[in-house]
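Chain letters run A, B, ... following the sequence lines, proteins first, then strands; residues in each count from 1. Source: prediction; values computed, not measured.
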Amino acid sequence: MKANDYEVTMDALVSLCKRRGFIFQTSEIYGGINGFWDYGPLGVEMKRNIKSCWWKSMTQLREDIVGLDSSIIMHPRVWEASGHVGNFKDPMLDCRETKGRYRADQIFVLKHKTDDAALMFAYHENAPAPAEKKIKKVAKGDAADYAEVALLDIPLDAYDKLVGPDTNEPGTLTEPRAFNLMFKTYVGPVEESSNVAYLRPETAQGIFAQFGNVLSTVRNKVPFGIAQIGKAFRNEINPRNYTFRSREFEQMELEFFIKPGTDAEQHEYWVAERLKWYEKVGLPEGRMHRDIHEGDALAHYASACTDILYDFPFGTQELEGIAARGNFDLTQHQNTSGKKMEYLDEETKERYIPHVVEPSAGVDRIALALLCEAYREEWINKETGEVTTAEVGAKRAPEGHEARTVLRFAPCIAPYKVAVLPLVKNKEALVGKAREIYEQLSKRWKVFYDQTGAIGRRYRRQDEIGTPLCVTVDFETIEDDNAVTIRDRDTMEQIRLPIAELEAYIANIVDF
RNA sequence: GCGGGCGUAGUUCAAUGGUAGAACCCCAGCCUUCCAAGCUGGUUACGACAGUUCGAAUCUGUUCGCCCGCUCCA
């Protein structure tokens, strides 16, 4: 069953996130800075819940995975070994005429074999046909007189004779510029090239670099995993779509080390495991997709890669990538550092560098997906109480109805688990009892106490921040039955429950 | 980074180059026995920096940010 058939608009969601304190633009008082976001009082709780559900499923509910917290700045050679220093940059060039942008290494050029003064024609890799046509039309020449050259081998002073891939005019291409997507800094007070360091662009390499230490301390046998949650930084060219692509973001990565040859089955296993987890935190199957990488889309060292995607309002986008990376990373570190990265199988006496399956998820993307999924506007018929999904974009509810905004979070994700509400605030005994319950429940969960305004308004406030349960203390509670009403966020129905049974009831609903 | 659009209160919107308003939200008080009731009062905004002008939310420039397209996404 889909949890939500309401199609949220990003405008409505962004507005609610700011209004209720989920997500703020960073440094907003100074005008903000592109690609960086802050999580407010509710957002930080929600994000912590996502991380602890993941951490619990990885390191607590199974004994073959241990945790790690490696530093953000590591030895620069880590990034040489991983290939990030060499490859983590894309030389790009623009066309002034068409406003197109191209990756320089994907553009090739047809150049006259003998006449250096002749026009040259650029084209997209493996698609020379348009350039060959232009040789006939524009240069009145014969394609046979031209040879293929990589764009990066064309000298800059010849760019005025170069015709771009999507134009017929020469001289419209800018020179290629390298974009290194790693944030650079200096270790120590002096800025010199010998102490350049990078903010990690992924948490994974911290795991690989500590593989040996972890292996020698925890006595785990292959297959086993190392899990890590932490910040990573990428100097994205163009952050977009709210928090979806940020320059500072948080990852939850597992490196699951396996025996070579079991890659395919382990990969398949982890894709299924992770999809189960997404279902559990509230992303239903109907809006989740798998993108199975094949052929050219696969990195050269990987034997399989499956992206897990979610239907965002701005398109179907990646939440997590699950890659079978062979032993590429450990081998690279072994070669670069000179330290052995081998595992000895005690039973078979085999020595090998383990292969790895890497489920790598973006916390911020999951948070955004959960917000999109949870957001819902409803219309409630004032007479019958019947609830219908609101029309998207409607300014107000139709005659005889009132509007309700509700975040239908899975209870394990909700920032607050319970709200405790005295029915009225000007009766001391009611308030006293409510405070007592609040303090009792607060020892176990994040609980909201609210005595302001009409009870209905307080319910709606909790709906809008996704609190799954409201506990209301009324006159019967103190005069009669020592019980409270519990109101459900989604159905708005109430049951009566003795205070003695309250904790067990709540735990059953909200704990992961 | 390029092109286009847009920046007024927490939100959604007003205001002819001349005192920045409203609704909702929020806060306080009164009232209130279960789904945004009512009454009274209150806080809060022209993204930033320059320029033109007697006077700028309004005109100009720059910049920052957001949205859309291109581009990119190991």
Visitor: Whole Å only: how far is the CZ atom of A:Phe312 from the P atom of B:rC67?
Guide: 14 Å

Visitor: Could you state the CZ-C1' distance from A:Phe244 to B:rC68, rounded to the nearest angstrom?
Guide: 17 Å

Visitor: Say we look at B:rC46 and B:rA14: how far apart would their C1' atoms be, to the nearest angstrom?
Guide: 13 Å

Visitor: Assess the side chains of A:Gln451 and A:Tyr449: does a donor N or O sit below 3.5 Å from an acceptor N or O?
Guide: yes

Visitor: Report yes if a side-chain nitrogen or oxygen of A:Asn241 is closer than 4.0 Å to either non-bridging phosphate oxygen (OP1 or OP2) of B:rC68; otherwise report no.
Guide: yes

Visitor: Can a side-chain donor-acceptor contact be found between A:Gln205 and A:His333 if the only test is distance below 3.5 angstrom?
Guide: yes

Visitor: How long is the line joining CG of A:Asn34 and P of B:rC72, in whole Å?
Guide: 18 Å

Visitor: Taking atom types as modelled and ignoring hydrogens, do the side chains of A:Arg77 and A:Ser337 form a donor-acceptor contact shorter than 3.5 angstrom?
Guide: no

Visitor: With rounding to whole Å, what would you report as the distance between B:rC13 and B:rG47 at their P atoms?
Guide: 15 Å

Visitor: Go through the structure and list residues passing side-chain hydrogen bond (donor to acceptor under 3.5 Å, both in side chains) with A:Glu255, not counting sequence neighbours.
Guide: none

Visitor: Tell me every residue that passes side-chain hydrogen bond (donor to acceptor under 3.5 Å, both in side chains) with A:Tyr242, counting only those two or more places apart in sequence or in another chain.
Guide: none

Visitor: Mind checking the NZ-CD spacing from A:Lys446 to A:Glu45? Nearest 0.5 Å is all I need.
Guide: 4.5 Å

Visitor: If I pick the P atom on B:rU16 and the same atom on B:rC26, what distance separates them, to the nearest angstrom?
Guide: 31 Å

Visitor: What is the distance, rounded to the nearest whole Å, between atom CG of A:Asp450 and atom P of B:rA28?
Guide: 10 Å

Visitor: What is the separation between atom NZ on A:Lys18 and atom P on B:rC67, rounded to the nearest whole Å?
Guide: 13 Å

Visitor: Regarding A:Tyr459 and A:Thr472, is there a side-chain donor-to-acceptor distance under 3.5 Å anywhere?
Guide: yes

Visitor: Which parts of nucleotides 31-39 of chain B does protein reach within less than 4.0 Å, heavy atoms only, written one letter per nucleotide 5' to 3' as B for base, S for sugar-phosphate only and - for none?
Guide: -BBBBBS--

Visitor: Working note: A:Arg290 + A:Asp307, criterion salt bridge (Lys or Arg N to Asp or Glu O under 4.0 Å); need CA distance, chi angles, decisive distance, verdict.
Guide: CA-CA 6 Å; A:Arg290 302 176 200 205; A:Asp307 284 346; over 6 Å; no

Visitor: In chain order, what residues pass the side-chain hydrogen bond (donor to acceptor under 3.5 Å, both in side chains) check against A:Glu248, with sequence neighbours excluded?
Guide: A:Lys231

Visitor: Taking only Watson-Crick and G-U wobble pairs with both distances under 3.5 Å, what dot-bracket line describes RNA chain B, where [ ] shows pairs that cross earlier ones and | shows pairs with another strand?
Guide: (((((((..((((....[..)))).(((((.......)))))....(((((..]....))))))))))))....

Visitor: Starting at atom CG of A:Leu16, determine the distance to atom P of B:rC25, rounded to an integer number of angstrom.
Guide: 15 Å

Visitor: Using whole Å, what does the distance between atom C1' of nucleotide B:rC67 and atom OH of A:Tyr242 come to?
Guide: 14 Å

Visitor: What integer number of Å spans the P atoms of B:rA9 and B:rA48?
Guide: 11 Å

Visitor: On RNA chain B, compare the nucleotides closest to A:Arg365 and A:Ile33; which residue's is nearer the 5' end?
Guide: A:Ile33

Visitor: Quantified in whole Å, what is the P atom distance between nucleotide B:rG61 and nucleotide B:rG4?
Guide: 13 Å

Visitor: In whole Å, what is the span from the CG atom of A:Asp11 to the C1' atom of B:rG10?
Guide: 16 Å

Visitor: Extract all donor-acceptor atom pairs below 3.5 Å that involve side chains of residues 354-370 of chain A and protein atoms in other chains or at least two apart in sequence.
Guide:
| residue | atom | partner | partner atom | Å |
| --- | --- | --- | --- | --- |
| A:His355 | ND1 | A:Asp263 | OD1 | 3.3 |
| A:His355 | ND1 | A:Asp263 | OD2 | 2.7 |
| A:Ser360 | OG | A:Glu253 | OE2 | 2.6 |
| A:Asp364 | OD1 | A:Glu250 | N | 2.8 |
| A:Asp364 | OD2 | A:Tyr39 | OH | 2.7 |
| A:Asp364 | OD2 | A:Lys47 | NZ | 3.2 |
| A:Arg365 | NE | A:Phe244 | O | 3.0 |
| A:Arg365 | NH1 | A:Glu318 | O | 3.2 |

Visitor: What distance, rounded to whole Å, do you find between the two P atoms, one in B:rG21 and one in B:rG42?
Guide: 14 Å

Visitor: So what does A:Phe24 touch, heavy atoms closer than 4.0 Å: a base, only the sugar-phosphate, or nothing?
Guide: nothing

Visitor: Rounding to an integer number of angstrom, what distance separates B:rU71 and B:rA20 when you compare their P atoms?
Guide: 48 Å

Visitor: Please measure how far the P atom in B:rC64 lies from the corresponding atom in B:rC49, and state the result in whole Å.
Guide: 15 Å

